[in-house]
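Side chains are part of it too, since the values below use all heavy atoms of this structure and drop only hydrogens, waters and symmetry mates.
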2 protein chains.
Amino acid sequence: MAIRLTDVANEAGVSLATASRVLNGSARKPAAEISDRVRAAAEKLGYFPNAQAQALARASTKLVGLVVRDIADPYFSTIARGVQRGLGDSGTQLLLASTDSEPEREIEAVRSFMSQRTDAIILSGSRGLSEDAALLRLIGSYQENGGQVIVIGQPLASTGGIQIDNETTSENLAEELIRSGHRRFVVLAGDENLLTSRDRAQGFLRKLKRTGLSAVGVVHGAFSREGAYMAMSDFLRGRKSEEDAQQLCVFCVSDVMALGAIRAIRESGLRVPEDIAVVGFDDIPTLEDVTPGISTARLPLEEIGRWAGEMVLSHGEARKTVVAGTPVLRESTKLHAGNQ
Amino acid sequence: MAIRLTDVANEAGVSLATASRVLNGSARKPAAEISDRVRAAAEKLGYFPNAQAQALARASTKLVGLVVRDIADPYFSTIARGVQRGLGDSGTQLLLASTDSEPEREIEAVRSFMSQRTDAIILSGSRGLSEDAALLRLIGSYQENGGQVIVIGQPLASTGGIQIDNETTSENLAEELIRSGHRRFVVLAGDENLLTSRDRAQGFLRKLKRTGLSAVGVVHGAFSREGAYMAMSDFLRGRKSEEDAQQLCVFCVSDVMALGAIRAIRESGLRVPEDIAVVGFDDIPTLEDVTPGISTARLPLEEIGRWAGEMVLSHGEARKTVVAGTPVLRESTKLHAGNQ
DNA sequence: CTGTTAGCGCGTTCAT
DNA sequence: ATGAACGCGCTAACAG
């Protein structure tokens, strides 16, 4: 149906091979006059190389697979943008898959990318505590066949990637908060089976302990806005209504969770930060538009994505990188006058 | 390098054809005993069908291309999620391209999708006033070769899609605002070369005129957060500082722009809505976390994406659909006591 | 420098 | 019901 290279060759009165050489990058270029004729024919006929056929013949697809939990989550969409920027105009196309936090869907995505023979697979969702053996095996065989695996967040056996030092970052964040005067902390720890959740909560709690403090409460739940909303609501309901002359500071292991927590706090008639202070983690772009400004640990999300994209392009030379977040205190953790 | 179907066939002691029949959907199934043996061999060897080879042999890729302006923009990421939901577990993979609002990059994206022989292309960025002839020609030839084109927003010559009735929606929004007591409007009209921008602004202005009102100002700029920020800043600077006993209401042709405008307003020391009211358009999820709640015209963004995905699956039977937005007034347009 | 030809991995008629 | 053989569109050796 579509125009084939053969058609172009015929139209230009040259052989298939010659047409191939001029239209797609080859070592030495054919004669200028011939080249022009071929290009003209291609243009006239509206020729488009069949990427599938090229991939089959070249054994390389110029395809990269990105798996996220939810593309509508600012954390992931920002990373996705970074990846695209990193890929730049290399001609590499991005295949996107979302898992909705279901491990089976992540496996399915990887499986699908393997079928597509993507040159690389970027895993941006958090790794679980007990990593699925099936996933590991899959990734292993992908790598054996020359596939590149880049993991964002935690290091995964024998893969390159951008590691985020969640623990240290959380410790630093806790330190800043304590320095600013906070003493009574609650931790919305998210899903305890996700490394990201766990590391962030642990780092924070460790710092508290080392400072001689201990959390007023640690609440687990889903690693999402809704999860935090519910966890926070439950926590507030369970509180004795009289207590607290002193301001509470709620550390949420992600900004998205902080947003959910804030909603719960407000619905219960309390104010942020006057009644309860809130801190998040990530510094997603959304925070720019939220009032009060939410304190957080800033991660260069777009850059992280960009680095991942660049790693893909630098084929093989993919190194591991470690990034830490920077505490950024804004209004949401301002100490209320009269408190503390 | 990777395991081929041939390898599986050998391992199972059957022919290539038989292996193909059992592993990939064929009309009649081979004997059960044979099938099991083949499946076992495939499992043992870790076989993955080569999607490229399949595509070449079948002349169908199970690939869909989605082009957005910016995947980190909540408007687009929400639609993207919808598309993925719409595609469901059909096995269709999503190819993502971002244009950064540059028409040439949109063409490049379409060109690339055509090379990939995607079964369909979904265009979600706004169409321009004078549509690029090159794009139209490209799309035409894509369709001739059996490609499906789905446009979200405006109808585009001979393509299916989800049309958004921006004009009527804006009229209704204006009506609600007027009914609620607003009289003095400013329109941040965005890019006058984008149909979305233009239609929304025009619909709004038309309603004003019909009601005997006229806009205090119409300011153009980029159809983005930054564009709105700058436009609003300029407008505020240009105002005579004494005027305005009466509250102003700024209509932004998108929520993202509304967010930029609000920032500009606040930076100039004014409050929303006490000093200036603000309305947006789209009802992006971000609004849930913004204070004060921003009035807007609600569009079922995720559904729109989902419909697009479903249209792709229903091959050919793709119809045109028209959706209108629903005005939702929240705090950002609350009339300030003493005003009006 | 150009043309011929043999695969790339798989789906699918066509015989058997 | 199963197997042999051809073709999908293109690249890359090899010949000329």
Side-chain angles (χ1 to χ4, degrees), chain A residues 1-39 41-42 45-63 91 114-119 145-147, chain B residues 1-39 41-42 45-63 91 114-119 145-147:
Chain A
M1 191 118 198
I3 306 297
R4 297 157 302 165
L5 188 53
T6 307
D7 303 325
V8 176
N10 287 342
E11 174 77 18
V14 300
S15 80
L16 213 186
T18 301
S20 172
R21 286 191 264 258
V22 22
L23 292 182
N24 314 316
S26 179
R28 304 142 320 185
K29 299 289 177 183
E33 190 258 347
I34 284 286
S35 295
D36 292 342
R37 216 165 53 196
V38 172
R39 255 186 287 274
L45 266 38
Y47 168 74
F48 282 87
N50 182 318
Q52 265 72 38
Q54 290 189 143
L56 201 53
R58 287 177 172 149
S60 150
T61 57
K62 287 261 194 182
L63 242 35
M114 287 177 70
S115 260
Q116 293 292 344
R117 298 294 191 270
T118 55
D119 296 340
N145 292 330
Chain B
M1 191 121 199
I3 307 296
R4 297 157 303 165
L5 189 53
T6 307
D7 304 325
V8 176
N10 288 341
E11 175 77 19
V14 299
S15 80
L16 211 184
T18 302
S20 171
R21 287 192 262 258
V22 24
L23 291 183
N24 313 316
S26 181
R28 304 143 318 184
K29 298 288 179 184
E33 189 259 347
I34 285 286
S35 296
D36 292 342
R37 216 166 51 197
V38 172
R39 255 185 287 274
L45 266 39
Y47 168 75
F48 282 87
N50 182 317
Q52 268 73 37
Q54 287 185 322
L56 202 53
R58 288 178 171 148
S60 149
T61 57
K62 288 258 192 183
L63 243 37
M114 287 177 70
S115 259
Q116 293 291 344
R117 298 294 191 268
T118 56
D119 296 339
N145 292 330

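- Considering only the side chain of B:R4, C:dC10 comes nearest among C:dG11, D:dT11, C:dC10.
- The separation between B:R21 atom CZ and C:dC10 atom C1' is 13 Å, rounded to whole Å.
- A:I3 and A:Y47 get closest at one heavy-atom pair: O-CD1, 3.5 Å.
- Computed from coordinates, the B:R37 CZ to D:dG3 P distance equals 9 Å when rounded to whole Å.
- Looking only at distances, no side-chain donor or acceptor of A:T61 sits under 3.5 Å from a matching main-chain atom of A:A55.
- Residue B:I34 is classed as a sugar-phosphate contact, given heavy-atom separations below 4.0 Å to backbone atoms only.
- Checking B:A53 against B:S15, the closest nucleotide of DNA chain D that is more toward the 5' end is the one next to B:S15.
- An OP1 or OP2 oxygen of C:dC10 is reached within less than 4.0 angstrom by no side-chain nitrogen or oxygen of B:Q54.
- At distances below 3.5 Å, not a single donor-acceptor pair connects side-chain atoms of A:D36 with backbone N or O atoms of A:E33.
- Of the listed nucleotides (C:dC10, C:dT2, D:dG3), D:dG3 has the atom at the smallest distance from the side chain of B:A17.
- Rounded to a whole Å, the CD atom of B:Q116 is 16 Å from the P atom of D:dG9.
- The rotation axes computed at either terminus of the helix from C:dC1-D:dG16 to C:dT16-D:dA1 lie 40° apart, taking five pairs at each end and rounding to 10 degrees.
- Test A:V14, A:T18, A:V22 against A:S35 for side chain to side chain contact (heavy atoms under 4.5 Å, CB included) and you get one pass: A:V22.
- Atom CE in B:M114 sits roughly 15 Å away from atom P in D:dG9 (whole-Å rounding).
- Judged by distance alone, with hydrogens and angles left aside, the side-chain atoms of A:D7 form a donor-acceptor pair with the main-chain N or O of A:R4 at under 3.5 Å.
- Closest contact between the side chain of A:T18 and the listed nucleotides C:dG11, C:dT2, D:dG3 involves C:dT2.
- Rounding to whole angstrom units, CZ of residue B:F48 and P of C:dC10 are separated by 12 Å.
- Minimum heavy-atom separation, A:L63 to A:Q116: CD2-O, 4.1 Å.
- In plain terms, the two heavy atoms of B:V38 and B:A19 that are nearest each other are CG1-CA, 4.0 Å.
- Separating the CD atom of A:Q52 from the C1' atom of D:dT11 is a distance of 15 Å, rounded to the nearest angstrom.
- Remark: A:S20 is not in phosphate contact with D:dC10, judged by side-chain N or O atoms under 4.0 Å from OP1 or OP2.
- Between A:K62 atom NZ and D:dC10 atom C1' there is a gap of 16 Å when expressed in whole angstrom units.
- Between A:L56 atom CG and D:dG9 atom P there is a gap of 12 Å when expressed in whole angstrom units.
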